[in-house]
Undergrad: 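Pasting a structure below so you can have a look.
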Amino acid sequence: MSDVTGTPVATGTPPTGVRRIRMPQKLRNLEFWLLLVACFINAAAIVLVQLGAMRRIDTQLVLLGAGLSALVFGLHIAMRFVARDADPFLLPIATVLNGLGIAMIYRIDIANGEGGWESAAVRQIAWSAIAIIAAIATILVIRNHRVLFRYTYLAGLVAIVLLLLPLVPGLGREVSGARVWIGFGDIATFQPGEIAKIALAVFFAGYLVRNRDSLSMVGTKFLGMKFPRARDLGPLLVVWALSMSVIVFQRDLGTALLYFGLFLVMLYVATSRISWVVLGLTLFVGGALIASQTLDYVGNRFANWLDPLNPERYEQEFGGSYQLVQGLFGLANGGLIGTGWGQGRPDLTPVPQSDYIIASLGEELGLAGVFAILALYLLFVARGFRIGFAGQDDFGKLLGVGLAFVVALQVFIVVGGVTRVIPLTGLTTPFLAAGGSSLVANWIIVALLLRLSDTVRNHPRLVIDG
Amino acid sequence: MSELTLLVLQLGFLLLLWVFIFAIVYALRSDLFGQRVRKLQSEPASSAPAPAASSFPSSPVTPAPAALGAPVAAPVATSGHDGELASSENATRLVITSGTKAGAEFPLGRDEITIGRSSDSAIIIRDDYTSTHHARIMLWNGRWMIQDLDSTNGTFLNGSRVTVPVPIPLGATVKVGATTFELRR
């Protein structure tokens, strides 16, 4: 407790020289009760899966889930000491999403007849544990987010290296066409691009705080908007070239869209100029259209999006619309309240536990369940924007908005792809989908947002009661 | 385990999920609808600051006796400084000159200072005239600027309403709601 830097709200008196008073931890207590409900929801989901699919209760996985709850409470207790004023909603929301994901992966394991320690659900629980420990470490090590500002360019370098890793011969692995994995031995184990998105958010925030004056002050007016000078277009073109090379060399449309969208939004927030968004979207849509004409896999994605129910496309062996249509059938089968945990057939869709987990959940929980999940994401992202908005320094503002937006954009790309709003691209659904790298990255995002919100509330302040 | 039991359990699960979401939304209601406004009339003059508070509805031309000196003194101080602009070099503190906390000081660092009814603000002013996010004071090219964040009742610098971000002279009176303050060395 001795190193807690927090100054409690000094009502009326100037904050300098105020003695620290032990305040009741209202926010942490609220978080505690919400976490209890969250853990109860997760346990109920696993029990309902077992009742629905096997008609009996198996205690082994319930116990593993309880272990996970213990770790979440570990994070909660760590925050009581080092981040007392952090946002109380992020942790319970992330816990529920993570738990729903584990329950659905477990349900698909049962359908595939997999069990024991090698099953995907147990792996997911193990990865969740690693991810939550990483979050605890982040919140213990980074005591002030402004430390990250110092390492702006290092973060940029780390992001580039992580992006290039899968292209290194011998280390990179290709899974279903996309070369975004690294692995040791035979199995693909890690997607470094997921961690790269955090490094990129830090880099963009630091870079834009340092250079935004030249990007926002000068320019010529055209069509009612102020456009930047040609020589200031450099950063935009560099990030555009980076995302295009991800499309061409790693064959991953979703990741490219994620990185470029992140940069565009942070640029817009930093400069408040809509012309950057217009320029950026024109560049990206142009690039994507050219890619759809020249690259087979991108062309296939577009064709499947526009005409999935064509029997020719549906029966095509590679790059057809079978998965997309199966997902849509699954969602339709779910209806309003779903078939019930363990009683649908989400396993008929290819990769139902990772890219298509939202379709699997839609089948078993129905529209009501999918909307609940989207509402949880909405609350999570709204809290992130809110933390960014309340921040007192520009770097913290941009970082908060960037981290929250990267989660929002990823959800949009995945759910939009599955529900045929945009062409389908392979990305993981944050917190839900099976995949260790995605879990670790998103839990670190939670930790960073918690740290940001704690710094925001910990600022010296003066309260004037009318 | 009959189909009906499973259906009931499923409905219960969905209900629980939505109860969780609405519990969070309920806890967040101040985010959605703004901070709660204190009713001045409902609080009788029992506490010490009440006399000053009850005079807020009256126009600032006739302030409460406790705060009388400050607004009058402020223009004098301004002319004394010859309107020298506050910068990161010459201003070190923000001093409340009228209102319930007249005399309180706030240190100026390099970070921006947000003012409003929201508990996220650096200077939290809870009265009827202050908006949730009312104004902010930030350092721009080494100068302290004030920006009004589309507040309902406006922010006033030396009596004139702030519409675009303007630099603050040292000792100039800034008025937010029923509170005035100035930047000093």
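All values reported here derive from a predicted model rather than from experimental measurement. So that the names make sense, note that chain A is the first sequence line, chain B the second, and so on, each numbered from 1.
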Undergrad: Check each atom of A:Glu364 against the heavy atoms of chain B and say whether the ones under 4.5 Å are side chain, backbone, both or neither.
TA: backbone
Undergrad: Any cation-pi pair here, A:Arg210 with A:Phe149, using under 6.0 Å and within 45°?
TA: yes
Undergrad: Counting heavy-atom pairs under 4.5 Å with chain B, which one of A:Thr339, A:Asp393, A:Leu365 comes out on top?
TA: A:Leu365
Undergrad: Using a 3.5 Å distance criterion without hydrogens, assess whether the side chain of B:Thr114 forms a donor-acceptor pair with backbone atoms of B:Ala122.
TA: yes
Undergrad: So for B:Leu11, is it side chain, backbone, both, or neither that comes closer than 4.5 Å to the heavy atoms of chain A?
TA: side chain
Undergrad: A:Phe380 ring centre to A:Arg383 NZ or CZ under 6.0 Å, with the angle to the axis within 45°?
TA: no
Undergrad: Is it the side chain or the backbone of A:Leu34 that comes within 4.5 Å of chain B heavy atoms, both, or neither?
TA: both
Undergrad: Okay, side chain of B:Glu182, backbone of B:Val95: is any donor-acceptor separation there less than 3.5 Å?
TA: no
Undergrad: Using heavy-atom distances under 4.5 Å, tell me whether A:Phe371 contacts chain B through its side chain, its backbone, both, or neither.
TA: both
Undergrad: Side chain from CB out, backbone as N, CA, C, O: work out which of these in B:Leu14 comes under 4.5 Å of a heavy atom of chain A, or both, or neither.
TA: side chain
Undergrad: Quick check on the interface: out of A:Ala390, A:Ala44, A:Gly340, who has the most heavy-atom pairs with chain B under 4.5 Å?
TA: A:Gly340
Undergrad: Of the backbone (N, CA, C, O) and the side chain (C-beta and beyond), which part of A:Ile387 lies under 4.5 Å from a heavy atom of chain B, both, or neither?
TA: neither
Undergrad: Quick one: does B:Thr130's side chain have a donor or acceptor within less than 3.5 Å of a partner on B:Arg126's backbone?
TA: no
Undergrad: Taking A:Leu61's backbone N and O only, do any of them form a donor-acceptor pair with A:Asp58's side chain (distance below 3.5 Å, no angle check)?
TA: no
Undergrad: Could you tell me which portion of B:Ile113 (side chain, backbone, both or neither) has an atom closer than 4.5 angstrom to a non-hydrogen atom of chain A?
TA: neither
Undergrad: Can you say whether B:Leu94 sits under 4.5 Å from chain A via the side chain, the backbone, both, or neither, judging by heavy atoms?
TA: neither
Undergrad: Using atom types as modelled and distance alone, determine if a side-chain donor or acceptor of A:Asp394 lies under 3.5 Å from a backbone N or O of A:Leu208.
TA: no
Undergrad: In terms of heavy-atom proximity below 4.5 Å to chain B, should A:Ile373 be classed as side chain, backbone, both, or neither?
TA: neither
Undergrad: Let me know if A:Pro92 has heavy atoms under 4.5 Å from chain B in its side chain, its backbone, both or neither.
TA: both
Undergrad: Could you check if a side-chain atom of A:Asn98 sits within less than 4.5 angstrom of a side-chain atom of A:Asn42, using non-hydrogen atoms only?
TA: no
